Enquirer: 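Please find one structure pasted underneath; my questions will follow.
Keep in mind that what you see is a predicted model, and the values were worked out from it rather than measured. In what follows, chains carry the letters A, B, and so on, assigned in the order in which the sequence lines appear, proteins first and then strands, with residues in each chain numbered from 1.
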Protein chains: 2
Amino acid sequence: MTRRDDIAAAAMELVAEGGTHALTHRRVDRRLGLPEGTTSNHARSRRELMLLVVQQVAAVAHLLPPEAPTPSTVEEAVEQLTEAFEGVVARGVDTRARMSLSIDTLLDPELHALLTTDSPVRATVLEQARRLLDGLGVPDSGQRAIDLAGIMNGLFYDRLVGHGVHGTPVDAEAVLRAWLTGLGAPGPVSP
Amino acid sequence: MTRRDDIAAAAMELVAEGGTHALTHRRVDRRLGLPEGTTSNHARSRRELMLLVVQQVAAVAHLLPPEAPTPSTVEEAVEQLTEAFEGVVARGVDTRARMSLSIDTLLDPELHALLTTDSPVRATVLEQARRLLDGLGVPDSGQRAIDLAGIMNGLFYDRLVGHGVHGTPVDAEAVLRAWLTGLGAPGPVSP
DNA sequence: GTGGCTTTACTACGATCGTTGTGATCGTAG
DNA sequence: CTACGATCACAACGATCGTAGTAAAGCCAC
């Protein structure tokens, strides 16, 4: 069981560092110092190997720590979201792997759905985002939660794989503050 | 010359459809119905082949049509940005290829920079974004232009490779409107 | 036309890959 | 202790890949 976890983790790292093209049974073996063929035993095909990485990404990724209290002002929300954002960026690997896999599984809708629509992480993230927006009194919080996830992905992309890697990065805090402000939240919902 | 362009275009399509992993000299030959070895003649190594795609992406991609008049109200800006966004999404291929390559060139900083920091498209996009924001009287338009590019990338990601492909997509127009509104633009700069 | 340079077609090599099979080894329930 | 299922190490296959070389075909200046 531990062996399988090691393989999944190493495979995810490979994808995060060099994209799906760098993902190979033998490369995983080498990275872990295991004899060739070990990874092939656990993931009998390349598709299974990619599935392993997809599951690993889902196992690691979370947008917000679940114990976060619901903020009642825009500024509190900005602070909380920014902190969560920086945490994910600092971790890095799983988000990079997720983005790489999202593109490279477009030809395999089943795997792609496991990463996006059908991902348990997606549901959790949307629910947390919705709760945060509801606490601020933002209307239409369902669609707005989807929008927030989209914005966050843009910020992730910039910092982890885009211009922000070597150039001037986006100002995540300013983006989130402006967006939340512009939503015209009437303030916290009175009890 | 035309031959090389065909190869570059076909290579970009392959990357857009199946990621960098699907990019191969022989696959490009087959897609174009050319005898095997033709692509190898124009891109003597795999790195050259990827460079070809990078250049092709830069050749095709533009955020805004350059002749767009500078908007003077938030609503005009929203309309213009949304229209440009939908245009890029409808085209699709180059943005998908760019995102795939961004990740898969992380191990090759030179190629990665050509896609991001050193890209001529990047400079154009930032300048257009900055002009648009200046027209609205938004302060610190330099950093805000970077932020806008980040937001747009998030929207692209959602629609082209993320949840929006098969699930409920982001509301790009609403996101842009909220963000622009929240920037607290004092209105168009008086002449 | 003719000489010289570029582009094409075609072939071949070694390396790596995905995949499968076969025993050996381990852990554990009976 | 033993038997049995799961995990392991290891070997081997055909296919595909990256890369490079060579000879024919095309093209253009002169």
Enquirer: Between the side chains of A:D29 and A:R26, is the shortest nitrogen-to-carboxylate-oxygen separation below 4.0 Å, so that they form an ion pair?
Expert: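 No, A:R26 and A:D29 are not salt-bridged.
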Enquirer: NE2 of B:H42 versus P of C:dT7: gap in Å, rounded?
Expert: 7 Å
Enquirer: Using only heavy-atom distances, determine whether the side chains of A:Y157 and A:T95 contain a donor-acceptor pair under 3.5 Å.
Expert: no
Enquirer: Please name the nucleotide paired to D:dT22 by Watson-Crick or G-U wobble geometry with both distances under 3.5 Å, or report none.
Expert: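 With both distances under 3.5 Å, D:dT22 matches C:dA9.
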Enquirer: Nearest whole angstrom, please: distance from the P of C:dT19 to the CE of A:M50.
Expert: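 Value for this atom pair: 12 Å.
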Enquirer: Give A:T24 one of three labels, base, sugar-phosphate or nothing, depending on what nucleic acid heavy atoms sit under 4.0 Å from its own.
Expert: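 Sugar-phosphate only.
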Enquirer: Does the side chain of A:R27 get closer than 4.0 angstrom to OP1 or OP2 of C:dC17 through an N or O atom?
Expert: yes
Enquirer: OP1, OP2 of D:dG18 versus side-chain N and O of B:R46: anything below 4.0 Å?
Expert: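 Checking D:dG18 against B:R46, a side-chain N or O does come within under 4.0 Å of OP1 or OP2.
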Enquirer: Mapping A:L34 and A:H21 to their closest nucleotides on DNA chain D, which lands nearer the 5' end?
Expert: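 Residue closer to the 5' terminus by nearest nucleotide: A:L34.
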Enquirer: Would you kindly give the CG-to-P distance between A:N41 and D:dA11, to the nearest whole Å?
Expert: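 For the pair A:N41 CG and D:dA11 P, the rounded distance is 14 Å.
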Enquirer: Could you tell me how the ring of A:H166 sits relative to the ring of B:H112: parallel (under 30°), tilted (30 to 60°) or perpendicular (over 60°)?
Expert: perpendicular
Enquirer: Backbone N or O of B:G150 within a donor-acceptor pair of the A:D158 side chain at under 3.5 Å?
Expert: no
Enquirer: Just to be sure I understand the rule, does B:S45 reach a base, reach only the sugar-phosphate, or reach nothing, if contact means heavy atoms closer than 4.0 Å?
Expert: sugar-phosphate
Enquirer: Round to a whole Å and report the spacing from CG of A:L32 to P of D:dC8.
Expert: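 It is 12 Å, rounded to the nearest whole Å.
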Enquirer: For A:D29 and D:dC8, what is the distance between atoms CG and P respectively, to the nearest whole Å?
Expert: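 Interatomic distance, CG of A:D29 to P of D:dC8: 11 Å.
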Enquirer: Taking only N and O in the side chain of B:R30, is any of them less than 4.0 Å away from OP1 or OP2 of D:dC17?
Expert: yes
Enquirer: Let's test your reading of the model: under 3.5 Å, does the base of C:dG18 pair with the side chain of A:R47 as donor and acceptor?
Expert: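 Counting by modelled atom types and ignoring angles, no donor-acceptor contact under 3.5 Å is found here.
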Enquirer: What is the separation between atom CG on A:L23 and atom P on C:dT19, rounded to the nearest whole Å?
Expert: 12 Å
Enquirer: Main chain of B:P69, side chain of B:Q80: is a donor-acceptor contact present, judged purely on distance under 3.5 Å?
Expert: yes
Enquirer: Rounded to whole angstrom units, what separation is found between the CG atom of B:L49 and the C1' atom of D:dG18?
Expert: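 So the CG-C1' distance, B:L49 to D:dG18, works out to 11 Å.
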Enquirer: Find the distance A:R26:CZ to D:dT16:C1' and express it as a whole number of Å.
Expert: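 Between C1' of D:dT16 and CZ of A:R26: 13 Å.
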Enquirer: Are OP1 or OP2 of C:dT8 and a side-chain N or O of B:T38 less than 4.0 angstrom apart?
Expert: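 No, because none of the side-chain N or O atoms of B:T38 sits under 4.0 Å from OP1 or OP2 of C:dT8.
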Enquirer: Let's test this: given Watson-Crick or G-U wobble pairing with both distances under 3.5 Å, identify the partner of C:dA29.
Expert: D:dT2
